[in-house]
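Note sheet for the following structure.
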Amino acid sequence: MSTELQLNKLNQLFLVSDSSAEGEGHSEPLIPILQSTLRNNKQQEVLDQLQQLIVKRETEIEKLCHQHHQEFVHSVDQLWIVKQGTNNLKDKIIKLNDQIQEGGTKLLATKTELVQQRRVQQNLETTIETLQTCLHILKLANRVNTLLSNRNYFSALKTLDELQHDHLPQIQQYDFAAYMAECIPSMRDLVKKAVIVEKRDWLEKLKTVSRKEGQAKMNTMMTRQAHWKARTKTSQKSQKDKAVLDELSPVLHLILDEEAEDSKEPEQFIEYQPFYQCLHIHNKLGQMAEFQKSYEEDRRLMANIIIETPINLKSSRVHEFESLLQDIVGFFEVEHTIMVTTSHFRYPSDVDHLWSTMTSKVVDDVSRGLGEANAEGTLPKIKTWIEAFMQVIEGYGYDVRKLNQFLEALSSF
């Protein structure tokens with residue numbers, strides 16, 4: 001193989017090695033070339049050729065580097081500018097982050113303060129609302145005292161109910177509500193005591209006004225009796241008609257007489273408002289049984305006072321008997337009125353027992369003093385009183401058969 005051919009192969013071999021990423025696998029083709037060079041003693045020529053190839057390659061490299069040097073420098077400058085921009089941006093980001101952190105800290109502090117202020121505001125609003133409710137409760141409590149002073153007991157109880165059920169539950173978490181709740185039963189007791197005092201005053205007053213009431217009713221009845229007797233004496237009716245009239249009951253006589261005259265009803269002396277007020281208040285408090293028992297005891301005591309009143313039928317003291325009948329009329333008018341205006345408050349058996357006792361009192365007193373009354377000429381007046389008394393009482397629906405029999409027995413004297 002000629003030297004020139006070997007050099008060409010060697011050149012191609014380097015070209016191939018330059019285009020490859022690795023030089024591995026290209027040493028084997030060099031072996032024949034080197035062997036041929038050694039056999040032909042052409043080492044110097046190969047070395048010269050290699051030297052020329054090296055110079056050529058260096059020239060090509062220098063040319064290539066010269067062509068791309070400006071682009072490389074420009075790229076480096078651009079990279080430097082990018083680096084500077086990146087560093088500036090990084091500094092700005094760090095600064096902005098610090099500002100954001102500082103602003104966030106301030107914002108968090110402001111938000112915390114705002115939340116705290118809002119909580120304080122809510123507490124103040126709640127406190128103001130609670131105080132206003134407490135003030136309203138105190139006004140209502142004061143109003144109860146005012147209503148008590150004005151004797152408006154039902155409104156006082158209604159206000160207490162409003163306090164207990166409507167207003168106190170709104171502030172039940174406070175000690176003030178517990179204190180007011182403890183005071184309400186005491187205030188109800190004040191209402192109860194006030195109406196009881198008025199009831200006692202009313203019962204005490206009944207001792208006087210009952211007699212006036214009985215006196216008015218008996219005087220009216222005696223006036224009607226006198227009018228009836230005058231009519232019967234002057235009547236031109238036949239004997240048969242008179243017999244029929246004589247058989248009429250005293251109550252029917254009264255009805256006929258009321259139709260025939262324009263007389264006014266007797267004045268009412270008894271005022272029942274204190275009783276009904278006390279009744280209603282006890283019913284509202286759920287203590288009706290207690291009031292019922294108390295009233296029954298009071299009336300029994302009043303009946304005993306009437307029963308134990310000493311009676312003398314002498315002419316100088318016979319008016320005591322009339323006063324006794326007037327007391328009894330007034331007493332049982334009250335019982336009758338209460339029985340017909342209330343439901344199951346007074347037991348008929350209790351009232352009937354009192355009436356029976358009173359009837360026995362009248363019969364016994366007259367029976368004991370009958371001799372004196374007959375001797376002193378007061379018996380006709382006593383009969384007239386008993387007759388008027390019996391007719392008034394019968395109008396209330398009480399049993400007067402015993403009195404009627406007694407009056408018939410007196411007609412023989």
Provide the closest heavy-atom pair for Pro169 versus Leu163 in the form atom of the first, atom of the second, distance.
->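 Scanning both residues, the minimum pair turns out to be CD-O, 4.3 Å.
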
Taking every heavy atom of Ile306 against every heavy atom of Lys361, the minimum-distance pair comes out as O-CE, 3.9 Å

Between [X] and [Y], does any side-chain N to carboxylate O distance fall below 4.0 Å?
{"X": "Glu296", "Y": "Lys293", "value": "no"}
{"X": "Lys158", "Y": "Glu162", "value": "no"}
{"X": "Glu198", "Y": "Arg151", "value": "yes"}
{"X": "Asp298", "Y": "Lys199", "value": "yes"}

Does any non-hydrogen side-chain atom of [Y] lie less than 4.5 Å from one of [X]?
{"X": "Leu354", "Y": "Phe332", "answer": "yes"}
{"X": "Val195", "Y": "His282", "answer": "yes"}
{"X": "Val329", "Y": "Leu325", "answer": "no"}
{"X": "Phe331", "Y": "Ser210", "answer": "no"}
{"X": "Met180", "Y": "Phe176", "answer": "yes"}

Under the 3.5 angstrom rule, does the side chain of [X] hit a backbone N or O of [Y] as a donor-acceptor pair?
{"X": "His167", "Y": "Ile137", "result": "no"}
{"X": "Glu271", "Y": "Gln273", "result": "yes"}
{"X": "Trp355", "Y": "Asp399", "result": "yes"}
{"X": "Ser294", "Y": "Glu290", "result": "no"}

Please tabulate, one pair per line, all N/O donor-acceptor pairs under 3.5 Å involving side-chain atoms of residues 80-90, not counting sequence neighbours.
unit_1 : atom_1 : unit_2 : atom_2 : d
Thr86  : OG1    : Val82  : O      : 2.6
Asn87  : ND2    : Lys83  : O      : 3.3
Asn88  : ND2    : Gln84  : O      : 3.2

Verdict with supporting geometry, Gln225 and Gln391, side-chain hydrogen bond (donor to acceptor under 3.5 Å, both in side chains) = CA-CA 10 Å; Gln225 285 178 344; Gln391 290 182 354; 3.2 Å; yes

Which word best sums up how the rings of Trp385 and Phe321 line up, parallel for under 30°, tilted for 30 to 60°, or perpendicular for over 60°?
-> tilted

Please work out which of the three classes, parallel, tilted or perpendicular, describes the rings of Tyr295 and Phe291, given edges at 30° and 60°.
-> tilted

Leu410 and Val366: side-chain contact (heavy atoms from CB on, under 4.5 Å), yes or no, with the steps?
-> CA-CA 10 Å; Leu410 290 179; Val366 175; 4.3 Å; yes

Provide the full list of side-chain hydrogen bond (donor to acceptor under 3.5 Å, both in side chains) pairs with a residue in [range], sequence neighbours left out, each pair given once.
{"range": "residues 341-351", "answer": "Tyr276-Thr341, Glu335-Arg346"}
{"range": "residues 106-124", "answer": "Gln116-Arg119, Arg118-Gln121, Gln121-Glu125"}
{"range": "residues 301-312", "answer": "none"}

Only counting residues at least two apart or in another chain, list the ones meeting side chain to side chain contact (heavy atoms under 4.5 Å, CB included) with Val209.
->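 Listed in chain order: Lys205, Leu206, Phe269, Ile270.
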
Please lay out, stage by stage, how Phe345 and Phe275 fare under the test ring pair (Phe, Tyr, Trp, His ring centres under 6.0 Å).
-> CA-CA 12 Å; Phe345 179 75; Phe275 166 78; 5.4 Å; yes

Answer yes if the side chains of Tyr153 and Lys284 hold a donor-acceptor pair under 3.5 Å, and no otherwise.
->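 Distance-only check fails for Tyr153 and Lys284.
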
Between Ser356 and Lys402: side-chain donor-acceptor atoms closer than 3.5 Å =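 On atom types as modelled, these side chains do not qualify, holding no pair under 3.5 Å.
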
Would you please name every residue forming a side chain to side chain donor-acceptor pair (under 3.5 Å) with Asp161, sequence neighbours left out?
->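 By the side chain to side chain donor-acceptor pair (under 3.5 Å) rule, Asp161 matches Arg188.
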
